[in-house]
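Computed from heavy atoms alone, side chains included, the values below leave out hydrogens, waters and symmetry copies. When a ligand or atom number is given, it counts from 1 through the structure's own listing order.
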Amino acid sequence: MDRTKKVKRILVTGGAGFLGSHLCKKLLTEGHEVLCVDNFFTGRRQNIHSLLDNKNFELLRHDITFPLYVEVDEIYNLACPASPVHYQFDPVQTTKTSVVGAINMLGLAKRLKIKILQASTSEVYGDPSIHPQTESYWGNVNPIGPRACYDEGKRCAETLFFDYHRQNNVEIKVVRIFNTYGPHMQLNDGRVVSNFIMQALRNDSITIFGDGSQTRSFCYVEDMIDGLHKMMESDKDLTGPVNIGNPTEFTMLELAEKIIKITGSKSQIAFMELPQDDPKQRKPDITIAKKNLGWTPNIDLELGLTRSIEYFEKLIFDKTVKNNSSKINYERV
Ligand code: NAD
Ligand code: UDP
Ligand code: UDP
């Protein structure tokens with residue numbers, strides 16, 4: 001650790017989830033104290049198992065839709081299920097987490113006069129009519145569809161962040177995260193990368209929704225965490241929103257083919273019905289992140305998938321791991 005840096009006590013909401021657990025680890029490695037707050041809806045103790053013995057790590061089971069009175073120096077607000085299967089399981093709770101949760105965390109930041117980073121999402125662009133997506137694009141979201149609990153919840157959270165900033169001078173950092181993948185994703189959370197890897201490793205059919213021509217741009221978790229951290233450390237004036245994601249775009253068919261090739265799987269492709277309001281294309285314009293944060297992703301899809309497949313392979317055959325079936329988990333975990 002660099003001794004010239006001030007040691008901070010940092011709150012990470014959603015810290016037991018996929019991104020949150022990697023972020024907690026990075027902050028601890030830098031010598032900070034971390035307070036991880038999670039209600040374990042989609043997070044798992046296993047993700048933070050290696051951190052539990054660290055004297056600088058504290059875990060609090062708490063739902064951020066309820067007020068939280070703690071003393072910290074900065075906040076990363078990541079709490080919210082991110083997989084469509086999970087956020088649609090209890091849509092009202094998803095909206096509450098995004099909106100009421102944001103109010104509570106902003107209230108906390110306001111009282112303590114500290115900065116707060118919001119994990120927003122490319123979903124604020126909905127099914128985008130401009131390509132690639134720049135931060136100035138206002139989006140194309142169906143406000144009453146099955147994805148709205150998440151998309152509109154996150155849009156309202158952005159509104160709250162900017163109003164607390166204008167009205168109460170809260171220092172805010174809003175990051176729009178594009179599809180991210182890697183170790184600590186739940187094996188059966190229904191997202192495309194985890195689904196395809198699980199199916200390929202088990203030689204099950206790879207389920208492509210629609211004709212597979214829809215695109216996404218996948219960012220490896222290590223790059224994403226670096227981007228979130230750079231944003232938190234950036235100039236006071238940089239409120240965002242800033243896109244963070246890997247701009248290399250793939251169709252879902254190309255993704256399936258890549259995963260089949262890397263795993264050497266015998267899986268066949270099975271085409272299934274496309275879910276309602278599924279965005280046709282998604283690719284971040286990362287000019288602002290490059291210019292203002294000096295951030296670009298370094299890990300390409302081939303390398304990121306290879307690392308992810310190694311992680312999934314280990315878990316899938318580990319009989320001690322709960323929920324390691326390839327069946328998508330529609331229940332609360
Ligand atoms: P995740 O589901 O793995 O993690 C979310 C965490 O939040 C879980 O640990 C869950 O238990 C916790 N949580 C949910 N509701 C809560 C509540 N009310 N109170 C306290 N904790 C709660 O998802 P992730 O992929 O790690 O996503 C983290 C954040 O990043 C989310 O806000 C998500 O919207 C955002 N994001 C992620 C992606 C991605 O591709 N992974 C893309 C865009 C945005
Ligand atoms: N809040 C919290 N922790 C704090 C301060 C506030 O959880 O340390 C919550 C509290 O529930 C409040 C919300 O944040 O309702 C918004 O706070 P704010 O000060 O903006 O509004 P007010 O208290 O006036 O409703
Ligand atoms: N998808 C797919 N097969 C699956 C899971 C997802 O073809 O088994 C598609 C899905 O329809 C979408 C893309 O992959 O077009 C990304 O889905 P994901 O749920 O990972 O994220 P999001 O839609 O939120 O970007």
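The closest protein non-hydrogen atom to atom 43 (C) of ligand 1 is Ile177 O, 3.1 Å. In terms of protein heavy-atom proximity, atom 27 (O) of ligand 1 is closest to Ala82 CB, 3.7 Å. Protein heavy atom in closest approach to atom 6 (C) of ligand 1: Gly14 CA, 3.6 Å. Summary of contacts: the protein heavy atom closest to atom 17 (O) of ligand 2 is Gly107 CA, 3.4 Å. Looking only at heavy atoms of the protein, atom 11 (O) of ligand 1 is closest to Asp38 OD1, 2.6 Å. Distance from atom 13 (N) of ligand 1 to its nearest protein heavy atom, with residue and atom name: Asn39 OD1, 3.3 Å. Looking only at protein heavy atoms, the nearest one to atom 18 (P) of ligand 2 is Lys110 NZ, 3.6 Å. Protein heavy atom nearest atom 26 (O) of ligand 1, with residue, atom name and distance: Leu19 N, 2.8 Å. Ile64 N, 3.0 Å is the protein heavy atom nearest to atom 19 (N) of ligand 1. Among protein heavy atoms, the minimum distance from atom 4 (C) of ligand 2 is reached at Tyr69 CE2, 3.3 Å. For atom 40 (O) of ligand 1, the nearest protein heavy atom (residue, atom name, distance) is Thr180 N, 2.8 Å. For atom 3 (N) of ligand 2, the nearest non-hydrogen atom of the protein is Leu68 O, 2.7 Å. The protein atom (non-hydrogen) at minimum distance from atom 11 (O) of ligand 2 is Asn104 OD1, 3.2 Å.
Under 3.5 Å, the side chains of Tyr69 and Asn104 contain no donor-acceptor pair of N or O atoms. Asp127 and Asn140 share no side-chain donor-acceptor pair at under 3.5 Å. For the residue pair Asn246 / Ser217, no side-chain donor-acceptor distance below 3.5 Å is found, with atom types taken as modelled. Donor-acceptor pairing under 3.5 Å is recorded for the side chains of Arg282 and Asn179.
In this comparison of Phe18, Tyr87, Tyr150, the heavy atom closest to atom 35 (C) of ligand 1 sits on Tyr150. Comparing Gly17, Gly43, Cys80 by heavy-atom distance to atom 5 (C) of ligand 1, the nearest is Cys80. For the residues Val124, Asp189, Leu78, Asn47, the heavy atom positioned nearest atom 28 (C) of ligand 1 is part of Leu78. With atom 22 (P) of ligand 3 as the reference point, the heavy atom nearest to it among Arg191, Arg147, His86 is part of Arg147.
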- Message: Working note: Lys173 + Glu233, criterion salt bridge (charged side-chain N to carboxylate O under 4.0 Å, His left out); need CA distance, chi angles, decisive distance, verdict.
- Response: CA-CA 9 Å; Lys173 304 279 174 193; Glu233 298 300 310; over 6 Å; no
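Every atom of ligand 3 with a heavy atom of Arg282 under 4.0 Å away is listed here by number and element: 22 (P), 25 (O). Every atom of ligand 3 with a heavy atom of Asn179 under 4.0 Å away is listed here by number and element: 21 (O), 22 (P), 25 (O). Within the listing of ligand 3, atoms 2 (C), 3 (N), 4 (C), 7 (O), 8 (O) sit less than 4.0 angstrom from a heavy atom of Thr207. Near His62, the atoms of ligand 1 lying under 4.0 angstrom from a non-hydrogen atom of the residue are 19 (N), 20 (C). Of all atoms in ligand 2, listed by their number and element, those nearer than 4.0 Å to a heavy atom of Ile103 are 13 (C), 14 (O), 16 (C). Of all atoms in ligand 3, listed by their number and element, those nearer than 4.0 Å to a heavy atom of Glu123 are 22 (P), 24 (O), 25 (O). Which parts of ligand 3 touch Met252 is read off a 4.0 Å heavy-atom cut-off, strictly below it: atoms 13 (C), 14 (O). Atoms of ligand 3 lying under 4.0 Å from any heavy atom of Asn195, numbered from 1 in the order shown and given with element: 4 (C), 5 (C), 8 (O). Listed by atom number, the atoms of ligand 3 under 4.0 Å from Gln214 heavy atoms are 9 (C), 11 (O), 15 (O). Residue Gly190 has at least one heavy-atom neighbour below 4.0 Å for each of these atoms of ligand 3: 5 (C). When each atom of ligand 1 is checked for a heavy atom of Ser120 under 4.0 Å away, the hits are 44 (C).
For ligand 1, the polar-atom distance check finds no N/O of Thr121 at less than 3.5 Å from any of the ligand's N/O atoms. Residue-to-ligand polar distances place Phe41 within reach of ligand 1: an N/O pair is separated by less than 3.5 Å. At a 3.5 angstrom cut-off on N or O pairs, Ala79 does not count as close to ligand 1. An N or O contact shorter than 3.5 Å is missing between Tyr87 and ligand 3 by distance. For a threshold of 3.5 Å applied to N or O pairs, the pair formed by Leu274 and ligand 3 contains no separation below that value. Polar contact with ligand 1: present for Thr97 (N/O pair, distance under 3.5 Å). At least one N or O atom of Thr42, backbone or side chain, sits closer than 3.5 Å to an N or O atom of ligand 1. The shortest N or O to N or O distance between Val192 and ligand 3 is under 3.5 Å.
Under 4.0 angstrom from ligand 1, the non-hydrogen atoms of Lys154 all belong to its side chain. Contacts of Met272 with ligand 3, taken as heavy-atom pairs under 4.0 Å, are absent altogether. Only the side chain of Arg191 comes within 4.0 Å of ligand 1, counting heavy atoms alone; its backbone N, CA, C and O stay farther away. Neither the backbone nor the side chain of Met185 comes within contact range of ligand 1; no heavy atom lies under 4.0 Å. Only the backbone of Asn179 comes within 4.0 Å of ligand 1, judged by heavy-atom distances.
In this structure, Tyr164 is part of the shell of residues with a heavy atom less than 4.0 angstrom from ligand 2. Residue-ligand proximity: Thr13 is placed with every non-hydrogen atom at 4.0 Å or more from ligand 1.
Looking only at side-chain heavy atoms (C-beta outward), Val92 and Thr95 stay at 4.5 Å or farther from each other. Side-chain contact between Phe178 and Pro284 is present, with at least one heavy-atom pair separated by less than 4.5 Å. Two residues are said to be in side-chain contact when any heavy atoms from C-beta on lie closer than 4.5 Å; Glu257 and Leu253 meet this criterion.
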